[in-house]
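The next block holds one structure in the form of structure tokens; read it before the comments.
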There are 2 protein chains.
Amino acid sequence: MGSLDPSLISGLPVFEGLSPTDLDRIVGQARSLRIARDQPVFEQEQEAHSFFLLLDGHVRVVKSTPDGQEVTVRYISPGELMGIAHALGRTTYPANAMAAVDCVALAWPSRLWPAFAADYPSFGANTYKVVGSRLQEAHSRVIELATEQVEQRVAHALLKLVNQAGKKTEEGILIDFPITRQNIAEMTGTTLFTVSRLLSAWEDLNFVKGGRQKVTVVAPHQLLLIAEGRARKS
Amino acid sequence: MGSLDPSLISGLPVFEGLSPTDLDRIVGQARSLRIARDQPVFEQEQEAHSFFLLLDGHVRVVKSTPDGQEVTVRYISPGELMGIAHALGRTTYPANAMAAVDCVALAWPSRLWPAFAADYPSFGANTYKVVGSRLQEAHSRVIELATEQVEQRVAHALLKLVNQAGKKTEEGILIDFPITRQNIAEMTGTTLFTVSRLLSAWEDLNFVKGGRQKVTVVAPHQLLLIAEGRARKS
DNA sequence: CGCTCGTTTGACTTTCCTCAAATTGCGTGG
DNA sequence: CCACGCAATTTGAGGAAAGTCAAACGAGCG
């Protein structure tokens with residue numbers, strides 16, 4: 001494999017506080033891999049053999065319920081860790097991870113995890129910070145699901161996606177990977193029909209522009225009003 | 001203050017792997033405190049001056065939304081840590097903590113946290129394990145809220161409470177602290193009316209026995225059937 | 001050019017919330 | 001010790017939100 005460009009990697013929050021030498025040592029033990037669109041990066045209940053750092057692309061992390069329903073836990077963006085089961089005290093992955101587009105990632109064998117955390121304290125600390133912030137994120141989602149109505153949750157989800165994967169176009173801000181109404185429904189605990197209706201309504205109001213596996217946000221501020229429940233009900 | 005009984009404390013999962021000496025050093029720096037029922041232990045957005053270990057009682061952890069709705073994040077049982085904002089990379093508490101009954105806790109100044117984690121690695125590791133397991137818990141709640149209906153969520157909540165604070169009585173398993181329909185509603189993202197209706201229905205079926213600020217679970221297995229959606233709808 | 005799969009839309013149903021009103025349990029002060 | 005009053009609870013009626021299902025449409029790929 002070709003050697004990795006260090007400039008892509010240093011400067012990521014995960015590696016903050018590491019000396020260049022340590023960084024090299026860590027990255028040197030990774031293998032880099034390519035995951036094609038719609039291919040799994042890892043699967044729920046599988047033995048967690050590796051943990052990953054996404055370098056390019058977007059990964060959808062989905063949990064399946066026993067009865068086959070799916071809930072999207074989060075989208076991973078470039079620079080984020082994923083599959084860090086061991087930092088949660090698990091030996092299996094807690095969810096499925098699917099490449100939403102063609103992706104590039106680094107992978108380390110999970111068995112290196114304890115040594116990394118011990119030998120490079122700031123790497124360990126940074127990782128735990130990630131876990132901490134994901135806990136807070138998860139709590140926000142609990143609050144949202146418990147207190148907001150579907151309309152607000154879908155608006156929130158779109159705004160989150162825009163912040164995370166928004167790409168400026170002439171029409172507005174495009175969510176820069178293929179995403180279906182069903183995907184949005186799985187992020188917000190609703191059905192694809194309800195999402196479709198909402199998007200249609202918002203398209204009539206010129207807040208968004210839809211498309212097949214595509215959403216462009218035209219008026220983020222209007223969506224924010226809806227998300228916060230401050231929009232007048234028609 | 002009277003010296004603390006070490007036998008109460010050693011043997012807690014948080015202190016697993018610590019030498020008796022280290023344990024003493026840690027506990028020696030704690031102050032113990034009593035919190036009267038319905039008094040706050042700490043409050044949302046407050047500077048996180050301390051973190052706590054609950055020794056006796058039960059603490060309700062509640063997050064308030066900007067518009068005044070409340071969501072119960074979890075109940076803390078004896079032996080559990082709370083207020084560990086610093087382990088999440090925060091300097092303020094993310095929620096309100098209220099004593100559900102008269103409580104006893106140990107408190108450490110938050111500024112000791114980094115030193116503890118560094119000097120007593122297993123304490124640090126145990127704490128991060130706590131954060132990891134709370135992340136997984138939070139994810140389960142997201143799944144529940146996104147996929148289950150109210151009936152299932154309330155049944156799940158009761159079962160969780162029974163496991164955590166159940167006390168065997170002649171009538172069944174009593175949830176051993178005062179809890180209102182409103183409290184249960186805040187755990188499950190519903191209203192006190194719906195909870196009341198469900199409990200009334202279940203009381204008719206002899207699955208539970210209600211009371212003012214009191215719930216006794218008579219037939220946990222039946223509740224489990226409801227929680228898993230395997231109960232025949234009447 | 002046709003087929004597949006995502007999307008839209010309508011009609012209908014169900015679940016759950018909202019609000020009002022009555023009722024009950026329990027602690028407190030007379 | 002009892003009555004009062006507060007707060008929790010119950011119950012009903014009505015309505016709103018969102019789910020279900022069926023059917024048709026349309027975009028993009030091979």
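Within every chain, numbering begins at 1; the chains are lettered A, B, ... in the order of the sequence lines, protein sequences first and strands thereafter. Keep in mind the model is a prediction, meaning the values are calculated, not measured.
- Closest heavy-atom contact between Ala95(B) and Val62(B): CB-O, 3.4 Å.
- Closest non-hydrogen pair, Val41(A) versus Met82(A), comes out as CG1-CE, 4.0 Å.
- Between the C1' atom of dA18(D) and the CD atom of Glu148(B) lies a distance of 18 Å, rounded to the nearest Å.
- Distance Gln182(A) CD to dT20(D) C1': 14 Å, rounded to the nearest Å.
- Listed pair Arg181(B) / dT9(D) meets the phosphate criterion, a side-chain N or O lying under 4.0 Å from OP1 or OP2.
- Along DNA chain C, the nucleotide nearest Arg153(B) and the nucleotide nearest Gly211(A) are compared for position; the residue whose nucleotide lies closer to the 5' end is Gly211(A).
- What you find for Thr65(B) and Ile143(A) is that their closest heavy atoms are CG2-CG2, 3.5 Å.
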Going by atom type alone, with no hydrogens or angles, which donor-acceptor pairs under 3.5 Å involve a side-chain atom of residues 204-218 of chain B and a protein atom two or more places apart or on another chain?
none

* Does the pair Glu70(B) and Lys63(B) meet the rule for a salt bridge (charged side-chain N to carboxylate O under 4.0 Å, His left out), with working shown? -> CA-CA 6 Å; Glu70(B) 313 225 298; Lys63(B) 258 181 172 276; over 6 Å; no

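- For the helix from dC1(C)-dG30(D) to dG30(C)-dC1(D), the angle separating the two terminal helix axes comes to 40°, with each axis derived from five pairs and the value rounded to 10°.
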* So His58(A) and Tyr75(A), ring pair (Phe, Tyr, Trp, His ring centres under 6.0 Å) or not? Walk me through it. -> CA-CA 7 Å; His58(A) 290 277; Tyr75(A) 278 87; 7.6 Å; no

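- The CD1 atom of Ile184(B) sits 8 Å away from the P atom of dT9(D) (whole-angstrom rounding).
- Closest to the side chain of Thr190(A), out of dG6(C), dC17(C), dG19(D), is dG19(D).
- Taking atom CD of Gln69(A) as the reference point, atom P of dG19(D) lies 11 Å away to the nearest angstrom.
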For residues 99-109 of chain B, run the donor-acceptor check on the side chains, cut-off 3.5 Å, and write out each pair with its distance to 0.1 Å, sequence neighbours left out.
residue   : atom : partner  : partner atom : Å
Asp102(B) : OD1  : Arg37(B) : N            : 2.6
Trp108(B) : NE1  : Ile26(B) : O            : 2.8

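- Across Ala87(B) and Val131(B), no two heavy atoms sit closer than the pair CB-CG2, 4.2 Å.
- If you measure from atom NZ of Lys209(B) to atom C1' of dT24(C), you get 13 Å, rounded to the nearest angstrom.
- Ranking dT11(D), dA18(D), dC16(C) by closeness to the Gln149(A) side chain, first place goes to dA18(D).
- Atom CD in Glu151(B) sits roughly 13 Å away from atom C1' in dT14(C) (whole-Å rounding).
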Kindly list each side-chain donor-acceptor pair under 3.5 angstrom involving residues 44-56 of chain A, sequence neighbours excluded, with atom names and distances?
residue  : atom : partner  : partner atom : Å
Gln44(A) : OE1  : Ser64(A) : N            : 3.0
Gln44(A) : NE2  : Ser64(A) : O            : 3.3
Gln46(A) : OE1  : Glu43(A) : N            : 3.3

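- Residues of residues 191-199 of chain B having a heavy atom closer than 4.0 Å to DNA chain D, listed by number: Leu192(B), Phe193(B), Ser196(B), Arg197(B).
- If you measure from atom CD of Gln213(B) to atom P of dC26(C), you get 9 Å, rounded to the nearest angstrom.
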Under 3.5 Å, N/O pairs linking protein and nucleotides 26-30 of chain D:
residue : atom : partner   : partner atom : Å
dG26(D) : N2   : Arg212(A) : NH1          : 2.8

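- Of all heavy-atom pairs spanning Gln164(B) and Glu80(B), the tightest one is NE2-OE2, 4.0 Å.
- Close to dT9(C), at under 4.0 Å from its OP1 or OP2, lies a side-chain N or O of Ser200(A).
- Contact detail for Ala138(B) and His139(A): the closest heavy-atom pair is CB-CD2, 4.0 Å.
- Taking a cutoff of 4.0 Å between a charged side-chain nitrogen and a carboxylate oxygen, Glu186(B) and Arg60(B) do not qualify as a salt bridge.
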